[in-house]
Peer 1: 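Got a structure for you, questions after.
Quick caveat: nothing in here was measured; it's all calculated off a predicted structure.
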Amino acid sequence: MSQPVTPRRTTRSSAGSASDPATPTSPSKSRPKSSLRRQLIPTAAAKEEEGENERSAIDVFLEELPGRRAQASDLLRLLAPAPALPLFLYGGAATGKTRALLLALRHIRPRPGLVAYAALRSLPSPRALFASLLSQISPPSSSSSSSSRQRVPDKPSDFVPALRDALVGLCSQGDSVYLVFDNLEVIRSWDKGGQLLALILRLHDLLRLPQVVLVYVSSATPDAYYSMTGSVEPNHIYFPDYTVDEVRDILMRGHPNPKLYSSFLSVALKPLFRVTRRVDELGAALEPLFRRYCEPLGDLKAVPDESIRRRLFEHIQPHLAVALNETFSVPMRVSVDQCKDGNSGVKVNTKRQFGSRDSLSTELEFHMSVSAKYLLLSAFLASRNPATLDAALFDSTGGSDNHKRKRKSSQASMNMKDTMAEEMLMKGPGTFPLERLLAIFQCITSVSEDALNDVESPDMMNGSGMAGLMSDVLLQLSTLCNSNFLSKSRSCPLEGSARYRSNIDEDLALKVARSVSFPLSKYIYRR
């Protein structure tokens with residue numbers, strides 16, 4: 001009764017030690033604790049290592065955007081987590097808006113489930129925009145038949161429910177979706193673009209899906225899109241123009257000989273930077289100048305000293321003066337190849353063409369098939385010339401060279417034709433039916449059949465060549481309408497068929513005609 005009552009855990013340990021004193025009981029009891037501590041230490045180290053890797057990835061992301069550290073940090077902060085307000089990026093052309101956004105979407109955590117990107121500059125119509133977004137959100141399966149494919153809506157009012165139905169399935173899985181509208185100002189040039197623009201800016205209120213983040217990229221300021229609809233105002237990030245030091249850092253990235261290129265930029269960058277601050281234009285202008293700069297050097301990997309720099313400066317100075325007098329524009333592939341040739345004929349021609357209208361490019365800045373070019377020329381002639389003069393300008397053999405007349409027209413009839421032609425010119429481009437377009441197309445292609453045989457494949461050398469050219473006329477016509485080269489009006493109540501109108505001017509028509517060696521001036525009616 002006088003013995004003290006010991007705790008139950010102490011009694012067990014003492015009993016075990018009394019029964020087997022040689023058994024290392026205390027070390028065995030301490031082993032699980034040490035193993036638990038060993039398990040906790042690597043977990044904390046792994047979390048710390050993961051945080052360091054994430055910070056290093058963010059540092060790499062910031063280094064990829066020289067001069068845009070503040071904008072990149074704002075992008076990472078405003079894009080994640082997923083329930084975020086719409087984001088509006090604005091600034092001048094070639095200021096790194098799109099590049100910074102796309103890189104930020106790769107580095108945000110958690111990673112987005114889907115990024116649907118709409119490059120509005122490459123989309124010709126609202127229907128193309130609807131089809132592009134819906135195909136990215138819910139791509140059609142290869143096993144589905146043509147009848148079960150999703151129908152692309154034609155009206156904006158039908159697009160919003162279709163977009164919401166496509167997004168609900170992704171949001172129900174917990175994934176975040178980012179919708180990016182690049183070059184938002186392009187929508188203003190579309191038919192009824194103001195209504196569509198107001199609808200796109202209100203998608204956050206119409207969809208009511210917190211997992212969907214809307215991002216708008218535009219070269220216009222937010223004041224240009226202000227509306228009295230009471231919708232949620234997006235967060236704004238401004239991208240200013242690059243400074244000369246930032247442009248220098250961008251151009252120096254990845255160059256094989258940084259010391260040589262740095263000496264070249266110290267001579268050529270600041271004078272050209274006073275003319276333009278666009279990185280793409282500066283890069284296109286500096287590339288041929290750097291080749292001129294390196295001409296006196298035998299080894300492009302050499303490091304120039306002070307005497308070599310002075311000699312290189314004296315060599316590049318006259319070429320730099322010529323470059324400052326040129327109009328800055330991003331050149332086409334042909335122009336870049338001509339600049340790389342560097343012969344004296346190109347230099348003399350550049351000096352002669354500066355300051356005149358002939359200095360503009362005489363080549364097409366887009367690719368177009370031969371049949372589409374002839375169809376575009378036919379539409380231009382049909383809109384420009386009166387329909388009453390088609391018989392005088394065209395016939396089944398090409399018309400323009402056949403001057404035979406059954407009888408001489410009277411002076412009164414000629415004056416009436418001149419008056420009608422003058423009225424049509426004053427009214428602008430006229431409309432024409434499809435039958436007249438195809439008739440003119442057949443006439444001018446028969447005149448230029450030899451040229452077509454040289455341009456197209458050798459299979460068109462036989463008699464079926466022109467039939468092959470005519471086979472895709474309707475497809476080319478639809479493409480030209482979607483590209484806004486032609487406008488399609490409503491069907492005429494008297495004729496019962498649709499009418500078309502050409503939207504190109506005479507300068508573009510002459511460029512197209514020159515590319516296929518067609519004598520367009522012989523077929524244009526001039527009073």
Side-chain angles (χ1 to χ4, degrees), residues 50-121 133 136-137 167 170-171 174-187 200-205 207 209-226 231-243 245-247 249-250 253 277-280:
E50 183 179 356
E52 292 179 355
N53 294 334
E54 186 175 355
R55 286 192 296 270
S56 63
I58 294 177
D59 293 338
V60 171
F61 162 65
L62 297 177
E63 291 177 358
E64 291 179 356
L65 299 171
R68 293 290 179 259
R69 189 177 187 89
Q71 289 79 9
S73 302
D74 291 341
L75 282 172
L76 294 178
R77 177 174 56 86
L78 296 176
L79 285 176
L85 293 177
L87 190 59
F88 190 92
L89 313 182
Y90 68 101
T95 52
K97 301 183 295 296
T98 303
R99 174 175 170 79
L101 173 62
L102 296 181
L103 288 177
L105 290 174
R106 298 178 184 176
H107 290 83
I108 60 175
R109 296 294 185 272
R111 291 184 176 273
L114 176 66
V115 177
Y117 177 78
L120 297 174
R121 193 173 296 279
L133 289 177
Q136 295 180 59
I137 296 173
L167 291 172
L170 294 175
C171 296
D175 296 334
S176 58
V177 182
Y178 289 79
L179 302 183
V180 180
F181 297 89
D182 200 357
N183 302 116
L184 190 64
E185 68 278 359
V186 177
I187 300 182
I200 290 178
L201 293 174
R202 294 182 58 234
L203 280 179
H204 180 78
D205 299 329
L207 295 176
L209 296 174
Q211 291 85 1
V212 178
V213 181
L214 300 170
V215 184
Y216 309 104
V217 183
S218 174
S219 59
T221 60
D223 297 337
Y225 304 101
Y226 179 75
S231 57
V232 176
E233 184 177 359
N235 294 317
H236 301 154
I237 299 180
Y238 175 59
F239 285 74
D241 292 335
Y242 288 108
T243 62
D245 295 332
E246 293 169 351
V247 172
D249 295 340
I250 294 174
R253 292 176 61 87
R277 297 187 178 185
R278 293 188 53 171
V279 180
D280 52 354

Peer 1: Among residues at least two apart in sequence or on other chains, which ones pass salt bridge (Lys or Arg N to Asp or Glu O under 4.0 Å) with Arg253?
Peer 2: none
Peer 1: Backbone N or O of Ser219 within a donor-acceptor pair of the Lys97 side chain at under 3.5 Å?
Peer 2: no
Peer 1: Could you tell me which residues satisfy side chain to side chain donor-acceptor pair (under 3.5 Å) with Gln136, sequence neighbours excluded, listed by chain and number?
Peer 2: Ser132
Peer 1: Just by distance, do the side chain of Gln71 and the backbone of Tyr238 share a donor-acceptor pair under 3.5 Å?
Peer 2: yes
Peer 1: Between Tyr178 (side chain only) and Leu79 (backbone N and O only), is there a donor and an acceptor less than 3.5 Å apart?
Peer 2: yes
Peer 1: For the CD1 atom of Ile200 and the CZ atom of Phe181, what is their distance to the nearest 0.5 Å?
Peer 2: 5.0 Å
Peer 1: Backbone N or O of Val247 within a donor-acceptor pair of the Arg277 side chain at under 3.5 Å?
Peer 2: no
Peer 1: Once salt bridge (Lys or Arg N to Asp or Glu O under 4.0 Å) is applied, do any residues pair with Asp74, and if so which ones, sequence neighbours excluded?
Peer 2: Arg77
Peer 1: Taking only residues two or more places apart in sequence, or in another chain, which ones meet Arg69 in a salt bridge (Lys or Arg N to Asp or Glu O under 4.0 Å)?
Peer 2: none
Peer 1: Do Pro86 and Val215 come within less than 4.5 Å of each other through their side chains, counting heavy atoms only?
Peer 2: no
Peer 1: Verify the ring-centre separation between Tyr225 and Tyr216: is it less than 6.0 angstrom?
Peer 2: no
Peer 1: Dump the intermediate steps for side chain to side chain donor-acceptor pair (under 3.5 Å) on Glu185 and Ser218, then the final yes or no.
Peer 2: CA-CA 6 Å; Glu185 68 278 359; Ser218 174; 3.0 Å; yes
Peer 1: Distance check, rounded to the nearest 0.5 Å: Asp175 atom CG versus Leu167 atom CG?
Peer 2: 11.5 Å
Peer 1: Please name all residues satisfying salt bridge (Lys or Arg N to Asp or Glu O under 4.0 Å) with Glu246, sequence neighbours left out, ordered by chain then number.
Peer 2: none
Peer 1: I'd like to check the side chain to side chain donor-acceptor pair (under 3.5 Å) partners of Tyr90; sequence neighbours left out, ordered by chain and number.
Peer 2: none
Peer 1: Any sub-3.5 Å donor-acceptor pair from Arg111's side-chain atoms to Arg106's backbone N or O?
Peer 2: yes
